[in-house]
Each structure stands twice: as structure tokens, then as C-alpha cells.
There are 2 protein chains.
Amino acid sequence: MNLRETIFALAQAYRVHIKEAVNANELGLNGMHVRCLHAIANCPQCTANAIVNQLGKDKAQIARLIKDMLDKGWLEKHSSEFDKRSQILSLSSSGTALQQQLVQLEKQLEQSFEAGLTQQELDEFRRISSKMLANLGEHSWE
Amino acid sequence: MNLRETIFALAQAYRVHIKEAVNANELGLNGMHVRCLHAIANCPQCTANAIVNQLGKDKAQIARLIKDMLDKGWLEKHSSEFDKRSQILSLSSSGTALQQQLVQLEKQLEQSFEAGLTQQELDEFRRISSKMLANLGEHSWE
DNA sequence: CTCAAATAGTTGACTTTATCAACCTAATCT
DNA sequence: AGATTAGGTTGATAAAGTCAACTATTTGAG
């Protein structure tokens, strides 16, 4: 298994398992919902544009995603006082609850990943990974 | 950066960079083409079904992908002598050339990833990764 | 041997996801 | 002010992925 296969196998495994967990809990959200919830939760004064940059997606797609999530009542938006072009996005109470559930599920999944590994190994994994990312000039980028 | 972020950042970085390289070389192929070329190259007596299992995709999608690649002249197919339901797929000469170019580009990209890392670190990364995959009961799975 | 069940592959119809270009409004820059 | 840039929305369309039905073989239980 070369590096490419390793990396994709990990990502694929994560995707498959978190999808299972999300479906099992019938949260009614898809992959982009998940990423968007996290992005907003972790980004103070989040705007649509911030999400576009963070997730590396087309702004049209993000606009529709946000509209969908607003309709579902997971988000709130109000225009920025500093730049009237910008809409500040935040999680509603139901959005926050959802995101917290996700954090929970992800924590559990991470524990599955990490089973039988020492703290040292985990640190090492992260250290090497971030070296690789630095090599390619990647940012936090989700 | 937690484990999820790390894993997806790596996968995303790989995807973005290989896509760039492929586009830069104007090979005219997309992500599924790439994966399919590799799958066929590495699978003796490859069938559509083998690809479905290897890539974990819907068989309808794979059938259309193969048709497309046959039209483009990258593949050849002939029915199996052992099972007349099966179509054995192989790379044509242009398909082989394409796949070889990809191998080249991927090798270069891997070198970018691995820059400044020792062989020990790389081994360690692979070892830890496969432990994680084993935790989740993953197979080679691409 | 025979017939039901399983397997390989194809196709049609459809949903989801992603992309491109046009556009509006507000901000910024001489 | 007038031109340009940036944030966001929308329409149209392309690409990816999914579901179900169907054909043609093969397998396997009785």
C-alpha cells in the first residue's frame, strides 16, 4: 500500500463510518451539512465566504447549502455591522445541538481509530502528517 | 487539528495536487478515470465487477465509466472464456501509456509529500495508518 | 438433470453535488 | 465621483452517484 492508497483508505474509512453513525442516529444531514456545521461552529463571525475558503467549494454551492440549512432552522444569519455585504452566520440552538451530537459521534469514531495506539504513536502520526501538509503548503483547510 | 481534520486535509491536499498535475499535463481524464486505470492496471483478468468491489462504487456508474473509457480507446474488453457473463478488461496501448504517465505524476507528488521526512518516519506513518485501518476492519479498498 | 436462485453487466430514470456565468449590492481605491 | 473589487444570490447545466428493472449466464439444491 503506497502513500496515496494509505491516505485515501483512511479518508474513505472515516467517511463510511461517520456516515453510518450519522444515519444510525437519523440526524437527517449529509456530508456537506456536517462540514458546514463544523465550519460555522469553529469560526467566529463566520460568513459564507469564509466557508467557501475553508471548504474549498464553489460559492454557489455554499449559498444553496446555507439556504437549505437556514430553512431547516439550524442556522441564523444577520448582516454584519462592519460590512453590509456580509452575512454573519451562527448556529441556532437546534444547530448547536446537532453539532454537539456530531462532535460526540466523531469522538467515538476517533476512539475506534485510535484503539490500541499509544499516545506517542498518535502524536507521531499528527506530527508527520502536518509535516506532509506543510510540504504542500496546505493550511488548516479541513 | 484533530484526527478527522488531519486525515481529510491529507486526502484533500492529495486530490487537489494530483488534479492540478493531471490538468497541467492535459491528459483529459477525471478522478474516476484515474482510479479506474489504476484498478485495471493492478488487477489481472479485471472485470467490471472487480472494479465495483475495489472502488466501492455503484455498478451502474462503473458500467458507464467503462463504456466511456472504451469509447476513448483506453481500454479493451473481451468476454471471458471461463464465464461468458464476464468481460475481461485490459488497458490498450494508449491506456497503458496514460496510466504510466499517472504513475509518474503520482511518484512526483509522493516525493513532495515525503520531502524532509526520514525513511523511519515514513515507515512509522504507514505502520500507524494500517493499524488504524485494521481497527475499523478495512481492507485494501483503495 | 432441472429449475430456482445468484451473478455479471447494461440501461433508464432520477437525485445529489458541483461548476459557470450573470447579476446585485456594498465597499474600496484612486 | 466613477471604476474596480468583494460578498452573496440565482439560473442553467454538467458531472457524479443511486435505485430499480432487465438480459444472459452460471450455480447449486433437490
Side-chain angles (χ1 to χ4, degrees), chain A residues 8 11-12 15-16 19-20 22-23 27-37 39-40 43-72 75-90 142, chain B residues 8 11-12 15-16 18-20 22-23 27-37 39-40 43-72 75-90 141-142:
Chain A
F8 283 131
Q12 172 83 331
R15 238 187 301 272
V16 167
K19 192 173 174 184
E20 253 172 43
V22 167
N23 288 343
L27 304 183
L29 29 72
N30 63 29
M32 286 304 289
H33 290 147
V34 170
R35 300 182 67 187
C36 196
L37 284 174
I40 293 173
C43 167
Q45 300 294 305
C46 195
T47 65
N49 204 38
I51 298 177
V52 166
N53 295 132
Q54 239 185 93
L55 304 191
K57 300 285 174 182
D58 188 82
K59 61 183 185 169
Q61 191 186 353
I62 297 300
R64 291 181 175 113
L65 178 61
I66 288 170
K67 197 161 93 176
D68 177 38
M69 295 174 73
L70 282 165
D71 289 347
K72 291 192 159 85
L75 303 186
E76 284 163 10
K77 88 173 173 185
H78 40 275
S79 25
S80 166
E81 297 169 20
F82 310 107
D83 184 338
K84 281 170 192 160
R85 294 170 306 179
S86 293
Q87 305 287 312
I88 305 296
L89 300 165
S90 55
E142 179 131 1
Chain B
F8 283 131
Q12 174 82 330
R15 238 186 301 271
V16 167
I18 198 67
K19 193 174 173 183
E20 251 174 44
V22 166
N23 288 342
L27 304 184
L29 28 74
N30 63 29
M32 286 303 291
H33 289 146
V34 171
R35 299 182 68 187
C36 196
L37 284 175
I40 293 174
C43 168
Q45 301 294 306
C46 195
T47 64
N49 203 40
I51 297 176
V52 166
N53 296 130
Q54 238 184 92
L55 304 191
K57 299 286 174 181
D58 188 83
K59 61 182 185 167
Q61 191 187 355
I62 297 300
R64 291 181 175 112
L65 178 61
I66 287 171
K67 197 161 95 177
D68 178 39
M69 294 174 75
L70 281 166
D71 289 347
K72 292 192 160 84
L75 304 185
E76 284 163 11
K77 89 173 171 184
H78 40 275
S79 26
S80 165
E81 296 169 22
F82 308 109
D83 184 338
K84 280 170 194 162
R85 293 169 306 179
S86 294
Q87 304 286 313
I88 304 297
L89 300 165
S90 55
W141 215 4
E142 180 127 359

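Here is how names work: the chains are called A, B, and so on, in the same order as the sequence lines, proteins then strands, and each is numbered from 1.
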### Task
I would like to know whether B:Glu76 and B:Ser90 meet side chain to side chain contact (heavy atoms under 4.5 Å, CB included); could you show each step before the answer?
CA-CA 5 Å; B:Glu76 284 163 11; B:Ser90 55; 3.9 Å; yes
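- One atom, CG of B:Leu65, and another, C1' of C:dT11, lie 16 Å apart when rounded to the nearest Å.
- Each of A:Ile40, A:Leu89, A:Asp71 was compared with A:Ile66 under the side-chain contact (heavy atoms from CB on, under 4.5 Å) criterion, and only A:Leu89 meets it.
- In this structure, A:Lys59 places its NZ atom 19 Å from C1' of C:dT17, rounding to the nearest Å.
- Here A:Lys84 lies in heavy-atom contact (under 4.0 Å) with sugar-phosphate atoms only.
- Taking each heavy atom of B:Ser80 and B:Asp83 in turn, the nearest pair found is OG-N, 3.2 Å.
- Here C:dA18 presents its C1' atom at 15 Å from CG of A:Asp68, a figure rounded to the nearest Å.
- Counting any heavy atom pair closer than 4.0 Å across all strands shown, B:Asn49 reaches sugar-phosphate atoms only and no base atom.
- Looking at B:Arg64, its side chain has no donor and acceptor atom pair within 3.5 Å of the base of C:dG9.
- Mapping heavy-atom proximity under 4.0 Å, the span of DNA chain D touched by chain A runs 5' to 3' from D:dA6 to D:dA12.
- Between B:Asp68 and B:Arg64 there is no salt bridge, since none of the side-chain N atoms of the basic residue sits less than 4.0 Å from a carboxylate O of the acidic one.
- Atom NZ in B:Lys67 sits about 4 Å away from atom P in C:dT11, given to the nearest Å.
- Smallest separation of non-hydrogen atoms from B:Gly28 and B:His33: O-ND1, 4.3 Å.
- Taking for each of A:Ile62 and A:Glu81 the nucleotide of DNA chain C with the nearest heavy atom, the 5'-most of the two is the partner of A:Ile62.
- Rounded to whole Å, atom P of C:dC24 lies 18 Å from atom CD of A:Gln87.
- Residue B:Phe82 contributes atom CZ, which lies 16 Å from atom P of C:dA8 at whole-angstrom precision.
- Between B:Lys77 atom NZ and C:dA8 atom C1' there is a gap of 11 Å when expressed in whole angstrom units.
- For A:Asn30, no side-chain nitrogen or oxygen approaches OP1 or OP2 of C:dT16 to under 4.0 Å.
- The nearest whole Å value for the distance from the CG atom in B:Asp83 to the C1' atom in C:dT7 is 8 Å.
- Within the 4.5 Å cutoff, the side chain of A:Leu29 has no heavy atoms near those of the A:Met69 side chain.
- Note: B:Asn53 CG to B:Asn49 CG = 5.0 Å, rounded to the nearest 0.5 Å.
- Looking at heavy-atom distances under 4.0 Å, B:Ala48 makes contact with sugar-phosphate atoms alone, never a base.
- Mapped onto DNA chain D by nearest heavy atom, A:Gln61 and B:Lys57 fall at different nucleotides, with A:Gln61 at the one closer to the 5' end.
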